[in-house]
Amino acid sequence: MTDPASARLDERYGRTPKRARRDRAWLLAGGTAVGLVLIGWLLWAGLLAPGASLEARDTGYSVVDDHEVSVQWRLTVDPGVEARCAVHALSDSFAIVGWKIVDVPPSDQHVRLLSDTVRTSELATTGLIYRCWTP
């Protein structure tokens, strides 16, 4: 048996069984909503589905003359997957002075060493692989 004064204080400050059930219901509904949003985001972002492995790294460059630079890079892509890469040349002020899109045909090799020549509008000081993607 509870003390009547204690029961009045609990009711005054919201410590009733009805309030406790309502609070639990709100917590359960909020947790469920957060869980559903998280699952939806994972599905939308594609984190549950494996993607194609594609990576390109610069391995070197050489300035051929005032209007050409040769760029060497390593492409890692799943066997049988076609890729397309953007290669660019930069001047000493980091301006793009040459740009080329290179189509890389599918191969049975996972890692390939590639090289391409980029024509430039002026003397380039470096040549880089910009990025690669699957068409």
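Note that this is a predicted model, so its numbers are computed, not measured.
In the displayed structure, R119 atom CZ is contacted under 6.0 Å by at most 12 heavy atoms of other residues, nucleotides or ligands.
Using a 4.5 Å heavy-atom threshold, the side chains of V81 and P106 count as separate. For the pair H110/V77, no side-chain contact is recorded, criterion being any heavy-atom separation below 4.5 Å from C-beta on. In this structure, the side chains of S107 and P79 stay at 4.5 Å or more apart for every pair of heavy atoms. Side chains of V104 and R112 form a contact here, defined as non-hydrogen atoms less than 4.5 Å apart. Residues Q72 and S62 have side chains in contact (heavy-atom distance under 4.5 Å, counting atoms from C-beta outward).
Note: D66 CG to S121 OG = 11.0 Å, rounded to the nearest 0.5 Å. In this structure, the separation between CG on L90 and NE2 on H88 is 4.5 Å, given to the nearest 0.5 Å. Rounding to the nearest 0.5 Å places CD of Q109 at 10.5 Å from CG of L75. The CG atom of D78 lies 10.0 Å from the OG1 atom of T134; values are rounded to the nearest 0.5 Å. Summarising the geometry, atom CG belonging to L36 is positioned 6.5 Å from atom OG1 belonging to T32; distances are rounded to the nearest 0.5 Å.
D58 is linked by a side-chain contact (heavy atoms from CB on, under 4.5 Å) to L128, I129, counting only residues two or more places apart in sequence or in another chain. Partners of W133 according to the ring-ring contact (aromatic ring centres under 6.0 Å, His included) rule, which considers only residues two or more places apart in sequence or in another chain, do not exist here. Checked against side-chain contact (heavy atoms from CB on, under 4.5 Å), R19 has the following partners two or more places apart in sequence or in another chain: T16, R22, D23.
Minimum interatomic distance between D116 and K100 (heavy atoms only, all atoms of both residues): OD1-NZ, 2.9 Å. Of all non-hydrogen atoms in P135 and A83, the two that sit nearest each other are CD-CA, 4.1 Å.
Residues V102 and V118 fall within the same hydrophobic cluster, defined by Ile, Leu, Val, Met, Phe, Trp and Tyr side chains chained together at heavy-atom separations under 4.5 Å. The cluster map of Ile, Leu, Val, Met, Phe, Trp and Tyr, joined by side-chain heavy atoms under 4.5 Å apart, puts Y130 and L114 in different clusters. W41 and V34 fall into different hydrophobic clusters, defined by Ile, Leu, Val, Met, Phe, Trp and Tyr side-chain heavy atoms under 4.5 Å apart, directly or through other members. Cluster annotation: W73 is not connected to V64 through the hydrophobic network of ILVMFWY side chains, with a link wherever side-chain heavy atoms come within less than 4.5 Å. Side-chain heavy atoms closer than 4.5 Å link hydrophobic residues (I, L, V, M, F, W, Y) into clusters, and following such links, even through other members, never connects V71 to W99.
D65 contributes a side-chain N or O that, together with a main-chain N or O of E68, makes up a donor-acceptor pair within less than 3.5 Å. At distances below 3.5 Å, at least one donor-acceptor pair connects side-chain atoms of Y61 with backbone N or O atoms of T125.
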Worked verdict on E122 versus S91 for side-chain contact (heavy atoms from CB on, under 4.5 Å): CA-CA 8 Å; E122 61 184 73; S91 68; 3.9 Å; yes
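Of the listed residues (V63, V97, D92), just one forms a side-chain contact (heavy atoms from CB on, under 4.5 Å) with L123, and that residue is V63.
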